[in-house]
Number of protein chains: 2
Amino acid sequence: MRASDRAYAALREDIIEWRLRPGTVLAEVEQSERLGVSRTPVREALGRLTAEGLTTAAGGRGVVVTDISLDSIDELFELRETLEVRAAALAAQRGEPGVFAELQAQLLRAPDLLSEKDPARHEYYALVGRLDEAIDAAISNSYLANAMRSLRVHLVRVRRLAADDAARLHAAAAEHAAIAEAIAAGNPRLAEAATTLHLHRSLTHVKAAHVAR
Amino acid sequence: MRASDRAYAALREDIIEWRLRPGTVLAEVEQSERLGVSRTPVREALGRLTAEGLTTAAGGRGVVVTDISLDSIDELFELRETLEVRAAALAAQRGEPGVFAELQAQLLRAPDLLSEKDPARHEYYALVGRLDEAIDAAISNSYLANAMRSLRVHLVRVRRLAADDAARLHAAAAEHAAIAEAIAAGNPRLAEAATTLHLHRSLTHVKAAHVAR
DNA sequence: CATGACTTTAGTGTATACATAAACCCGGCA
DNA sequence: TGCCGGGTTTATGTATACACTAAAGTCATG
């Protein structure tokens with residue numbers, strides 16, 4: 001693996017996990033020493049992060065970790081709804097019903113995953129990730145899929161901020177199951193509605209958790 | 001201006017204007033000699049272009065200029081419709097009516113711009129560009145605006161391919177005027193409809209021109 | 001003659017030295 | 001005391017040398 005890839009992965013992880021707080025300035029020499037590589041790969045990594053929007057070029061003086069405000073969460077979800085509602089509808093038209101029926105069944109069993117001792121909820125999030133991937137594959141539109149992929153980076157960051165509780169995750173699993181069911185049924189309108197509902201509830205929960213701080 | 005910015009602008013221009021054809025391999029040393037800078041800024045420029053999707057990293061052996069197929073045009077317009085229809089609706093809800101009323105008036109006078117001798121249609125495209133900017137500003141959503149900005153790069157490339165004739169530009173100006181009118185009237189549904197119509201006709205024209213080759 | 005391994009070579013990946021510019025600090029002056 | 005200006009410092013921006021990898025060509029052998 002290339003050193004620039006490792007630097008990128010490490011920095012990205014640190015930002016997403018909130019180990020690097022918004023406003024932190026990432027100096028090239030400092031990070032190159034911390035990560036044990038030279039400035040060149042760090043530069044490339046910072047460039048990629050800035051292109052993604054995780055960092056912002058602060059003219060002249062390094063790059064800083066981008067902040068996430070309440071307003072920006074609203075904006076993020078506005079774009080998310082635009083893309084995912086459409087994606088759900090397209091998946092309902094073009095996807096393989098069997099794939100989504102299977103995902104629905106697994107999502108309905110999600111409470112089993114959450115009851116086990118897995119504080120990071122890796123199993124659960126992996127399952128939701130598979131639903132995302134299935135939708136990406138079903139729409140067969142690389143531009144749309146790329147747009148959603150670039151969005152998800154920011155969403156994971158917001159999710160870490162929200163600190164999902166078990167109750168919310170149970171509800172979210174049911175909502176995801178409803179989306180999968182609608183897609184499996186080949187019903188675009190229903191898929192749109194289920195997605196809209198899920199995103200609305202997700203946003204409400206995130207904002208409530210954010211305000212509680 | 002930084003050397004990497006110049007390299008980026010030069011390469012991007014060459015790709016958009018089809019002076020660098022799809023499939024062309026952009027070797028770092030070759031481009032650095034052509035542009036008169038060292039490999040480092042060229043590397044950064046190529047990284048930015050790849051992030052935008054104008055070039056693709058060809059594992060190990062340089063980057064190649066991305067191809068635009070008929071299928072990818074369909075995908076491009078599918079995402080475009082998703083984003084722009086929503087943007088038009090939001091602009092109708094949030095925009096300043098006066099701004100769009102003025103743009104509508106200018107767009108209705110667009111035939112004057114096209115009749116003059118301006119083979120590149122700079123005046124006309126600048127006017128359409130101002131409508132895009134006004135919509136970007138009106139929606140006040142940086143994520144959505146960024147998504148549309150990244151799309152427009154590819155659209156300009158497709159436009160150069162389509163070789164718009166005067167008749168199409170006249171019709172397109174009228175369609176744009178209808179969008180501006182709907183936004184000025186604060187009517188989201190109408191703005192959506194006008195945008196959908198415009199994009200459908202635009203795509204039809206582009207595909208017809210593409211097939212004609 | 002074909003196939004496979006070895007050598008060559010071209011090109012990217014990385015490190016580092018140098019150039020340059022912006023920000024900070026300190027001192028002088030109004 | 002507040003502001004302005006120049007020097008210093010520290011960061012990024014650029015060039016270049018070196019390392020490494022993968023592809024292509026070539027030679028030898030079956």
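Below, read A as the first sequence line, B as the second, and so on, with proteins coming before strands; counting in each chain starts at 1.
Note on A:Thr40: every side-chain N or O is 4.0 Å or more away from OP1 and OP2 of C:dT14. Regarding contacts with the backbone of C:dT14, a side-chain N or O of A:Ser4 is found under 4.0 angstrom from either OP1 or OP2.
We find that CG of B:Asp5 is positioned 9 Å from P of D:dG13, with the value rounded to whole Å. As rounded to whole Å, 11 Å separates atom P of C:dT14 from atom CD of B:Glu28. Atom CD of A:Glu33 is separated from atom P of D:dT12 by 11 Å (rounded to the nearest Å). The CD atom of A:Glu44 sits 12 Å away from the P atom of C:dA15 (whole-angstrom rounding). In this structure, A:Leu35 atom CG and C:dA15 atom C1' are separated by 15 Å, rounded to whole Å. Here the C1' atom of nucleotide C:dG13 and the OH atom of A:Tyr8 are 18 Å apart, to the nearest Å. Straight-line distance from the CG atom of B:Leu46 to the C1' atom of C:dG13: 14 Å, rounded to whole Å. Between the C1' atom of C:dG11 and the CZ atom of B:Arg43 lies a distance of 10 Å, rounded to the nearest Å.
A residue-by-residue look at A:Arg39 and B:Val29 shows that B:Val29 has its nearest nucleotide of DNA chain C further toward the 5' end.
Under 3.5 Å, the side chains of A:Arg109 and A:Gln106 contain no donor-acceptor pair of N or O atoms.
Ion pair A:Glu175/A:Arg168 flagged as a salt bridge, since at least one NZ, NE, NH1 or NH2 atom sits closer than 4.0 Å to an Asp/Glu carboxylate oxygen.
A cation-pi contact, defined as under 6.0 Å to the ring centre and within 45° of the axis, links A:Arg159 to A:Tyr125.
The B:Pro41 side chain lies nearest to D:dT14 when the options are D:dA11, D:dT14, C:dA15.
Shown here is A:Glu96, whose CD atom has no more than 12 heavy atoms of other residues, nucleotides or ligands within 6.0 Å.
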